[in-house]
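Numbers restart at 1 for each chain; the letters A, B, ... are given by sequence-line order, proteins then strands.
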Amino acid sequence: MQKENRTTIRQIYRQPEAYYDKRVSLSGWIRSNRDSKLFGFIELNDGSFFKNLQIVYEDHSLENFKDVIRLGVGTALAVEGILVETPGAKQPFEIKAESIKVEGPCPSDYPLQKKRHSFEFLRSIAHLRPRTNTFSAVFRVRSLLSYAIHKFFRERDFVYVHTPIITGSDAEGAGEMFHVTTLNLKEAPLTEEGGIDFGKDFFGRETNLTVSGQLSAEAYALAFRNVYTFGPTFRAENSNTARHAAEFWMIEPEMAFADLQDDMMLAEDMIKYIFDYVIRHAPEEMNFFNSFIDKGLLERLNNVISSEFGRITYTEAVEILKKNNDRFDYKAEWGMDLQTEHERYLTEQVFNKPIFVTDYPKDIKAFYMRLNDDGKTVAAMDLLVPGIGEIIGGSQREERLELLDARIRELGMKEEDYWWYRDLRKYGGVYHAGFGLGFERAMMYLTGMSNIRDVIPFPRTPKSAEF
RNA sequence: UCCUCAGUAGCUCAAUGGCAGAGCAUUCGGCUGUUAACCGAAGGGUUACUGGUUCGAGUCCAGUCUGGGGAGCCA
């Protein structure tokens, strides 16, 4: 794996006894360098592990001692030395250096310091911030969380479907979309009516970046039974909040022969599984979040893993909220969508754990959601979590073609735009359900990071796509 | 998009309308086991931008840009 018998710091921390009093070769970057007259200490991070390894170097045993003293934060090194135990010291072991070679120098205008930086500043150097403790932890956890999601579905025989990133027209209605075009915007061809003639565009029609893979996933669910998508999603909303981005990742499972209860069971199992997986496989990172980002994080997550999620219907929720209407700026009333303050009250005050809110009025939900027998509500569910709000939105889909068509017409949409989606009902259509999990929102909940921009490597938000 | 707060040294922040400051970082020096090491010294400024009020503006006013927090939209 590593040439020249090179060892990683992760290997040493995971099995130190295998390396004690042995010579090891390391490579990495200086996180800090302190020197005294005749000796010095380097904190080395090699990217393989959250923690650093301390390198001790001494004047009498290192020929380039005077040069090493001057090396600054960020310098890339190749180090050879003996791993020794250091009982009683703050670090468990360290390397007594025999040779230290500079692989890549780092001049003194390097923006990162040993000191703490604000997240705002680090966003302005998004290409360097993964070298900091916090972002090292965030992005290793992001990688693990992705893996845990695939593992969860794989173990349940779900088929992973790659739904298209570029989609035809805006037939999905989940939000404002980014246009995809090869037309020259200054000299776009026009139709006789004066609009842009997308027939001359690359695809011969108007196309956009996807806002959801759901409709495509439904097609595959009605062939493979249980499927999921996990990919990038784009919304051109001018949203300026800590929990919205223009480009984010979404997990969208879809199950045939499944109702809303099955849908919620899957969502609850998944959240518990993936959180448990990351806690067990990234203990150093999770302890760091628990100590420095969000005190009480692990206790809260362990509570999520071990307790049952709350369940309440929209109608019941409104009844509770109406009794407390004096505390809200927006008064709760049946038929209105729940405000953020309402959702927070329910999940943070009433339940103090994740809760499913189900059976919303049909007029505030999407056209494809299945109409309940009361004729007023649909089989929808939102999963609300303390601190973040909505993390999952899902529903049982309307499988009855005549009811779906009625809804499409009611909303002024055109049946022909949904011809293939309607075919899924016409040919062997069955009841089915699915949901969308905001991957970054799960990241925020899992790490305690409070801004979505700090859980995406190079975030895209309004007026911001520098990197 | 709306409300609100902010923008001063590389970073984190001070400065009643009256001389532009500190800590850290950087550079130099000191120190025989440091842990955000410590001690001493030096260098470092278009106070976001444009205009205005004033004898005098980092400070007051107007506009613009960028960022934070909140709301809407949603995941």
Can a side chain N or O of [X] be found less than 4.0 Å away from OP1 or OP2 on [N]?
X        : N     : value
A:Ser36  : B:U34 : no
A:Lys90  : B:A36 : yes
A:Arg70  : B:U27 : no
A:Gln54  : B:U35 : no
A:Lys114 : B:A37 : yes
A:Arg34  : B:A36 : no
A:Thr86  : B:G33 : no
A:Ser32  : B:A37 : yes
A:Arg453 : B:G68 : yes

Check: Taking atom C1' in both B:C39 and B:U47, what distance in whole Å separates the two?
Finding: 32 Å

Checklist line | B:A62 versus B:U54 - spacing of their C1' atoms, nearest Å | finding: 16 Å

Next item on the list: Using the closest heavy atom to pick a nucleotide of RNA chain B for each, name whichever of A:His117 or A:Lys365 lands nearer the 5' end.
Entry: A:His117

Checklist line | Toward the 5' end of RNA chain B, by each residue's nearest nucleotide, A:Asp382 or A:Glu43 | finding: A:Glu43

As a test of reading the structure: which of [options] is closest to the side chain of [X], going by heavy atoms?
X        : options             : value
A:Asp337 : B:G67, B:C74, B:G33 : B:C74
A:Asn451 : B:U12, B:G68, B:U1  : B:G68
A:Arg243 : B:A37, B:G33, B:G72 : B:G72

Would you say the ring centroid of [X] lies under 6.0 angstrom from that of [Y]?
X        : Y        : value
A:Phe234 : A:Phe248 : no
A:Phe152 : A:Phe158 : no
A:His60  : A:Phe65  : no

Item checked: For RNA chain B, the dot-bracket pattern of Watson-Crick and G-U pairs whose distances stay under 3.5 Å, | for other-strand partners -> (((((((..((((....[..)))).(((((.......))))).....(((((..]....))))))))))))....

Protein N or O to nucleotides 40-43 of chain B N or O, pairs below 3.5 Å:
none

Next item on the list: Look at the rings of A:His117 and A:Phe121 and say which category their plane angle falls in: under 30° parallel, 30 to 60° tilted, over 60° perpendicular.
Entry: tilted

Next item on the list: Give me the ring orientation class for A:His162 and A:Tyr160: parallel if the planes are under 30° apart, tilted from 30 to 60°, perpendicular past 60°.
Entry: perpendicular

Next item on the list: Please indicate yes or no: is the ring centre of A:Phe248 less than 5.5 Å from the centre of the six-membered base ring of B:A75, with the two planes inclined by under 30 degrees?
Entry: yes

Check: Just checking A:Ala245: base, sugar-phosphate only, or nothing, at a heavy-atom cut-off of under 4.0 Å?
Finding: base

Next item on the list: Please collect all ring pair (Phe, Tyr, Trp, His ring centres under 6.0 Å) contacts where either partner lies in residues 69-91 of chain A, sequence neighbours excluded, each pair once.
Entry: none

